Amino acid sequence: MPDLLAARSQMAMSLAFHIIFAVVGIGMPVLMVVAEARWLHTGEGVYLDLAKRWATGSAILFAVGAVSGTVLSFELGLLWPGFMAFAGPLVGMPFSLEGFAFFTEAIFLGVYLHGWDRVRPRAHMAAGVLVAVSGAMSAVFVVIANAWMNTPRGFTLVDGHPTRIDPIAAMMTPAALPQTLHMVLAAYAATGFAVAGVHAFLILRGRDNVFHRRALGIALLVAAPAAILQPFSGDLSARYVAQWQPVKLAAMEGQFRSQRGAPLRVGGWPDRDARTTRHAIEIPHGLSLLAFHDPNAEVRGLDAFPEDQWPPLRPVHVAFQVMVAIGSFLALVSLAAVWLTLRRRDIASRRWMLAAIALGGPMGFLAVEAGWTVTEVGRQPWIIYGVTRTADAVTPMPGLVVPFLGFTLLYLLLSVIVVWLLARQFGQSPESSDAAPPAVSLATEMP
Amino acid sequence: MIGTPLLPLILAGLMLVALIGYVVLAGADFGGGVWDLLASGPRRDAQRALIAEAIAPVWEANHVWLVVVVVILFSSFPRVYSEIATMLHVPLSLMLAGIVLRGSAFVFRAYGGDQRASRLRWGRLFAISSVVTPVLLGVSVGAIASGELASPAAIASGGGGAPRGGSFAALFIFPWLRLFPLGVGLLALATFAMLAAVYLTLETDDAVLREDFRRRALMAGAAHAVVAALVLIIARSEAPAMWLRFWSRPASLAVLAAGVLAGAGVLGALVTRRWVWARFAAAAEAALIVFGWALAQYPEMLPGRLTIAAAAAPDATLRLILGVLAAGTVVLLPSLLYLFRVFKGERQQGARPDVAH
Ligand code: HDD
Ligand code: HEM
Ligand code: HEM
């Protein structure tokens, strides 16, 4: 395996692993806090059970998130020293802000997980709120650093070296707002649907009790608004990509020719040699309309760029289709939940609804991985878009296949163990036999 | 506005403070793993339980100090970061694997169910990686201090194939697989073990258990003193530039004297069973070692290759990072104090009776 490929694979694998735990670290604290707030408000013990259950379940995930994140902060230099020497002074600002977000998150997580008997209930819940806020902040800051890689700003290139460094301008880069918004919403949608999916599945399997119903309600309350907003936020992302990374847009859409009134392609399989995307359903003028809000806008196709600047086409196109398909599905399910709530119907007594939610369980995480594939693979061959090529930033150390295989093995092992431990915990859910399980709607769990 | 020559120095200083934070706090968490591995006698399980209970609420927060060190390093001294990461790829990768295994094994043991066999298995993994990781951290520091790291410029760029400027081993293995770095690795291990044992004497009401850790603290303290002396001696031939600078500066001699004093303080406090004194003396001892290293290197950051001033990022960056660190500290300090007050203060009273759950 060539060193560059090994380095890219190791980076991709480490990030794809970390993002799962990071997303849980952003989303779960919100669920726990809502449950705890409901407990303080109603005094119903089931809510306290829930908050504690979720806290225990997440403790493992938080820890793996912290250690895998630490690996990443070294890996940036271990694999891409050239990139970091260039980018460090520019993106150091969001990274140091992120460092403090990690600190507050870890500190109050300690209080939250281990302080049930040591601090007063309100202080305990406040700790949970701080964990939730700093989790979201750490996502915002690290994604700002990534946004800079997509739309680098805040420096002038002189002989390949950045001068006149302006870290504030680097933070205010055009990709920052769309990407951070989309990421934070993604975290709530993915975590919310994952939790809702587990509990919907257990209810379907006959474990219908107050515990699972309350859990389902709270998880949906967090997931649904985020999932409904996500297509709008995705539209914002697509428009910034269209403006600032046109070749990535062309790859996402499989748009080979530059044209006015470009169609939107659903599905399809890009064929680089034939310069066409086969088997796609084309919606006329759709792409021009979505990307530029003008049905006749000109969309630059791949032909407008030298071929050595094209990203890998199939992964980017397919990943984008997967994300959008999942985004549409989750938004529809969420709209159905809103509709049932407005009509005062019980979500948990409709099997089709439970089945749809259970199906949505793993989908949010799938969409997160697909979305990051679009962003990162779609940026290739650049590590800093238009400035530095990935191939020029890789470490000169040979034999990179060894650390790649080593860390892959390590993470595979951890994944297996984590899944096994979590599955055991689900198996042990309390079977609190309740005479009258409450109806589930988004309104019942509003704090 | 702060002038140019001072800014890099301030940031280097703050990085040192963060590193000391990591050593004094997270170091003890590693040391806890050492005593988990060496737990013995009739109170073996009680010892392990005490260690786990002491570490659990704080280790993730303690761990962030390392992240802060790395972040200051790559934003403010990017060349140093990229050179260290290139030339020490092997020990740093191994250290990361150790960090991952230790953290994961610790939570797997805590949340992996109650079967004794599986708890023992995770505990063993946690303990072994707690021993290996500090050694690798110390080895990396020792390799930097010895000034033996080659310049990445000596390697053909682009990766792949045999690098110019020497074999793989000559460039990426031998600079750290030497007596001095290994000595520093052992020093890190002994210091962390001492810190943990000393801190643990304050974590229990059980006098017998406390005596267990008092004995361990004395042993680790002795080991620490021996290794520290040995490292100082081998530095003469193995890290000569640093050695010369160290002995020629009154400041480093003062640090050495203070270090000896702190060591004696640990010993005295343990002998007379003044636990709180022992805790502060041990922390001071560890901090002084790190400080002494920095002083011996000053003004170089990568000995023989880059000074603090030469490695620094542009002022615009340094100023902002300084601002972030200042603002962050305002949030961080009260939070940290709160954390330690909740879990490390008023411990004798146990759970507060006035709290529902
Ligand atoms: C729950 C997860 C999720 C869902 C349902 C969606 N996305 Fe997404 N998407 C992400 C999770 C995500 C992500 C993983 O979080 C990414 C990667 C980088 C980023 O900022 O967000 C992303 C990136 C991303 C990008 C690339 C941005 C870039 O390259 O910088 C675009 C254009 C979209 N998304 C568009 C959409 C559209 C039109 C959706 C419509 C339904 C959609 N996303 C649903
Ligand atoms: C190159 C990319 C990244 C680096 C260097 C990085 C670094 C880190 C580090 C060092 C930690 C550990 C903090 C601790 O010790 O508590 C961490 C955790 C975390 N990261 Fe990342 N990260 C990266 C990507 C991301 C992304 C894309 C997200 C956002 C969505 C994210 C969100 C988080 C969150 C929320 C945590 C806390 C995890 C938890 O406690 O479960 N990170 N990351
Ligand atoms: C956590 C969510 C993320 C995921 C799943 C992800 C995924 C990926 C993937 C798949 C690649 C390989 C692309 C290729 O070479 O074809 C990659 C590369 C990379 N990513 Fe990300 N990424 C994430 C976030 C980030 C963030 C927040 C940063 C930086 C701040 C970052 C920095 C990099 C770097 C430096 C590379 C290597 C250079 C390159 O291939 O362009 N990533 N990532």
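Order of the sequence lines sets the chain letters (A, B, ...), proteins ahead of strands, with each chain counted from 1. Being a predicted model, the structure only gives us computed values, none of them experimental.
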Problem set entry | Qualifying residue for side-chain contact (heavy atoms from CB on, under 4.5 Å) with A:Ser96, from B:Val68, B:Ile321, B:Leu322 | B:Ile321

Exercise. Hey, is the main chain of A:Gly77 close enough, under 3.5 Å, to the side chain of B:Tyr81 for a donor-acceptor pair?
Worked result: yes

Problem set entry | Heavy-atom proximity to chain A below 4.5 Å, by part of B:Phe108 | both

Problem set entry | Approximate separation, where rounding is to 0.5 Å, of A:Glu75 CD and B:Leu96 CG | 7.5 Å

Seminar exercise, completed: CG (B:Leu320) and CE (A:Met171) are apart, to the nearest 0.5 Å, by 9.5 Å

Exercise. What part of A:Pro2 is in contact with chain B, defined as an atom under 4.5 angstrom from a non-hydrogen atom: side chain, backbone, both or neither?
Worked result: neither

For this session: Heavy-atom distances under 4.5 Å only: say whether B:Val58 touches chain A with side chain, backbone, both or neither.
Result: neither

For this session: Heavy atoms only: give me the nearest B:Phe172-A:Pro398 pair and the separation to one decimal.
Result: CE1-CD, 3.8 Å

Problem set entry | Beyond-backbone contact of A:Phe86 with B:Pro78, side-chain heavy atoms, under 4.5 angstrom | no

Exercise. Is there a side-chain contact between B:Glu60 and A:Leu109, using heavy atoms and a 4.5 Å cut-off?
Worked result: yes

Exercise. Do you know the tightest heavy-atom contact between B:His63 and A:Thr70?
Worked result: NE2-OG1, 2.6 Å

For this session: Using a 4.5 Å cut-off on heavy atoms from C-beta on, say whether the side chain of B:Leu101 contacts that of A:Leu410.
Result: yes

Exercise. Using a cut-off of under 4.5 Å for heavy-atom pairs, which of B:Ala327, B:Ala110, B:Ser335, B:Ala316 has the most such pairs with chain A?
Worked result: B:Ser335

Problem set entry | Sub-4.5 Å side-chain heavy-atom contact between B:Ser93 and A:Phe407 | yes

Seminar exercise, completed: Cut-off 4.5 Å, heavy atoms of chain A, and the answer for B:Ile72 is neither

Exercise. Between the main-chain N or O of A:Gly92 and the side-chain N or O of B:Ser75, is there a donor-acceptor pair closer than 3.5 Å?
Worked result: no

Exercise. Closest approach of A:Val67 and B:Ser104, non-hydrogen atoms and distance?
Worked result: CG2-OG, 4.1 Å

Seminar exercise, completed: One option among A:Gly82, A:Pro167, A:Ala393 has the most heavy-atom pairs under 4.5 Å with chain B, and it is A:Pro167

Exercise. Do A:Phe100 and B:Leu325 come close enough that some side-chain heavy atom pair is under 4.5 Å?
Worked result: yes

Seminar exercise, completed: In this structure, OG1 of B:Thr86 is separated from CE of A:Met84 (nearest 0.5 Å) by 11.5 Å

Seminar exercise, completed: Turns out that what part of A:Leu421 lies under 4.5 Å from chain B's heavy atoms comes down to side chain

For this session: Please tell me if the side chains of A:Thr104 and B:Leu332 come closer than 4.5 Å, counting only heavy atoms from C-beta onward.
Result: no

Exercise. So, for A:Leu78 and B:Leu92, which heavy atoms are closest and what is the spacing to 0.1 Å?
Worked result: CD2-CB, 4.1 Å

Seminar exercise, completed: Looking only at B:Val107, B:Val100, B:Leu336, most heavy-atom pairs under 4.5 Å shared with chain A are made by B:Val100

Exercise. So with a 6.0 Å cut-off around CZ of B:Arg305, is the heavy-atom count from everything else above 12?
Worked result: yes

Exercise. Quick one: of A:Leu79, A:Leu113, A:Val64, A:Leu97, who has the most non-hydrogen atom pairs under 4.5 Å with chain B?
Worked result: A:Leu97

Seminar exercise, completed: Nearest heavy-atom approach of A:Ile107 to B:Ala61 is CG1-CB, 3.8 Å

For this session: Working to the nearest 0.5 Å, report the span between OH of B:Tyr111 and CG of A:Leu61.
Result: 11.0 Å

Exercise. Taking C-beta and beyond as the side chain, do B:Thr329 and A:Phe103 meet within less than 4.5 Å on heavy atoms?
Worked result: no

Exercise. For B:Ser82 and A:Pro81, which heavy atoms make the closest approach, and how far apart are they?
Worked result: CB-O, 3.3 Å

For this session: Determine whether the side chains of A:Thr395 and B:His89 contain a donor N or O and an acceptor N or O closer than 3.5 Å.
Result: no

For this session: Check step by step if side chain to side chain contact (heavy atoms under 4.5 Å, CB included) holds for A:Phe95 and B:Val324.
Result: CA-CA 10 Å; A:Phe95 271 116; B:Val324 171; over 6 Å; no

Seminar exercise, completed: The interface call for B:Tyr338 against chain A, heavy-atom contacts under 4.5 Å, is side chain

Exercise. Does any heavy atom of chain B fall under 4.5 Å from the side chain of A:Leu413, the backbone, both, or neither of them?
Worked result: neither

For this session: Measure B:Trp59 against the heavy atoms of chain A and call it side chain, backbone, both or neither at under 4.5 Å.
Result: side chain

